[in-house]
Amino acid sequence: STVRLIRFPTALRAIAGPYSARRASSTLQNPKKDASVAHHHRSQTHHHHVSYSETDDAVPQLASQPIHRLSLADLVKHGRPPLSAEALLSSARFTLSLLPIRLAHRIQALRNLPYIVVSNPNIRRIYNNYQHSLSTLLPWQGRTISNLEDEIRFTEVLAELVQTHTDTIPILAKGFLECRKYISPAEVTRFLDQHLRARIGTRLVAEQHIALHYSSSPHFDPSSSPTPCPENPGYIGVIDTALRPASTIDSCGSFVADICELNYGVRPEWIINGNPDTTFAFVPMHLEYIITELLKNAFRATVENGMNKSPVEITIAPEPPSSISTPVTLSPPSISLGAFNRDHIQPLDDNAPGVTIRIRDRGGGISADVLPHIWSYSFTTFSENDDDNPPGAWSDDALSVISAASSGGSSIAGLGYGLPLSRAYAEYFGGGIAVQSLHGWGTDVYLRLKGVGRIE
Ligand code: ADP
Ligand code: MG
């Protein structure tokens, strides 16, 4: 069959808007394209779903099924584009076999929160999003996706699902902040660590099928598509088999410098040294999320410490195969998630080459009283108004930052989710993040990423 290769990241970002930072930057680059494609897909989506009570009834049974332990082999088994129609259908069926169970587990976890917390309008909104998404998938259960028309409609449901859950993070952040009287920071961190790590996997599964669809579907109508790009044989779905971190750092660096310019009126500088030409196989959206958050922290510290003239130094070192097999130990290990740790993706190849990126700033470092808290969700020392609010966790001040974040604005800091969530992304494929502070001088952040392995 004739297969048209659409460079998927453009299509995917346009439809899915995977992460708010990324969305903001792609909108900066090409607002028209994004808007029109998103519109096209909204109008094409069929909103057939089952009632909420039927969805309610389905949850306990689905949530009693174990979560399939994702492997990279699962993500790449349908092969490099162009896919045969059969491979695309089988990818759709595989995706459908995973998602309802994953959503039901999340619904169950939300139901297990104290009732007063689930009653909070923001937490409720997230709960309803999950109920809604599950209700759009249930009609697909028990029937086989056997032709490309089904596959197109199923992909539309997936695109809507990904879109529905795009703004989850500021909404959850706001909800938990409003509930801080009723639930302890430790409980919140436990819930969020599970929830957000599970969300990474769920989005990855959905986005992988959407990406395969857009890179392969012979039925895809090019007239309504983003500009078709030259073939990009380096991609398998959302995985770039030759991702160059130096390029990601430069594009995220200019995006974060833009935010700094808006917030502080200065653009911090950065230099890249080490081995800037290193490439490895990884999910670009994940790397973009992590780098954006780490650069926000480094740039903010640099500016607030009055060190604008000292560029942030980013050193890229290819990681020899197998040296990343033990987790980074400089930072406290992330909360033990018991069975949930299994949600982390299984590498294709334990000897996959990876990369270590050191981000070194002269931002004054992190004081001993702040350091123990930096991995907690919602902990921030950022304050928008210089009032006499003591800085730290759970400040009311965070609410104004969150409002800015949920209305699509980009702030330099304030949610307190940057470090813990970046670590969740890094650990997803077996890497890690370590923070080394030299108080009074600056901070070194070591980001170690394990590549996703050999992909044929
Ligand atoms: P946020 O940036 O929204 O405050 P993060 O999780 O990204 O949340 O960081 C938590 C806190 O860790 C920050 O508020 C800051 O106090 C501290 N921190 C992180 N990175 C740095 C850095 N490079 N230099 C100084 N402090 C840092
Ligand atoms: Mg931050």
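Few gaps surround CZ on Arg93; more than 12 heavy atoms of other groups in view lie less than 6.0 Å from it. With a 6.0 Å radius and a threshold of 12 heavy atoms from other residues, nucleotides or ligands, Tyr264 has its OH atom above the threshold.
The aromatic rings of Phe176 and Phe191 sit tilted, their planes meeting at an angle between 30° and 60°. Between His286 and Phe429, the two ring planes are tilted [angle within 30° to 60°]. Relative orientation of the Tyr377 and Tyr417 rings is perpendicular, given thresholds of 30° and 60° on the angle between their planes.
Using modelled atom types and a 3.5 Å distance limit, the side chains of Thr168 and Arg125 yield no donor-acceptor pair. A donor and an acceptor atom, one from each side chain of His209 and Glu151, are located under 3.5 Å apart. A donor-acceptor contact under 3.5 angstrom links the side chains of His132 and Glu160, judged on distance only.
Remark: Lys77 is positioned above the aromatic ring of Phe94, its terminal NZ or CZ atom under 6.0 angstrom from the ring centre and at most 45 degrees off the axis.
Partners of Asp361 by side chain to side chain contact (heavy atoms under 4.5 Å, CB included), not counting sequence neighbours, listed by chain and number: Ala298, Ala301, Thr302, Val312, Thr443. Remark: Asp56 engages Arg111 in a salt bridge (charged side-chain N to carboxylate O under 4.0 Å, His left out) (not counting sequence neighbours).
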Checking Ser184 against Arg190 for the side-chain hydrogen bond (donor to acceptor under 3.5 Å, both in side chains) test, could you report, in this order, the C-alpha distance in whole Å, the side-chain angles of both residues, the deciding distance, and whether it holds?
CA-CA 10 Å; Ser184 71; Arg190 207 190 129 70; over 6 Å; no
side-chain hydrogen bond (donor to acceptor under 3.5 Å, both in side chains) between Asp250 and Trp270: does it pass, once the steps are laid out?
CA-CA 9 Å; Asp250 280 333; Trp270 67 95; 2.8 Å; yes
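Salt bridge status for Glu293 with Lys296: present, with a side-chain N to carboxylate O gap under 4.0 Å.
Residues Pro284 and Leu243 share a closest heavy-atom pair of CA-CD2, 3.9 Å. Of all non-hydrogen atoms in Leu62 and Ala104, the two that sit nearest each other are CB-CB, 3.4 Å. Of all the heavy atoms in Pro420 and Trp375, the pair that sits closest is CB-O, 3.4 Å. Taking both residues in full, the closest heavy atoms of Ala198 and Arg102 are given as O-NH2, 3.0 Å, listed atom of the first, atom of the second, then distance. Across all non-hydrogen atoms, the minimal contact from Leu89 to Asn147 is CD2-O, 3.4 Å. The two residues Tyr130 and Leu110 come nearest to each other via the heavy atoms CD1-CD1, 4.1 Å.
Here the CD atom belonging to Gln194 is positioned 11.0 Å from the NE2 atom belonging to His105, to the nearest 0.5 angstrom. The distance from the OH atom of Tyr425 to the CD atom of Glu288 is 11.0 Å, given to the nearest 0.5 Å.
In summary, of the residues considered (Ile239, Leu75, Asp74), a side-chain contact (heavy atoms from CB on, under 4.5 Å) with Leu204 occurs for Leu75 alone.
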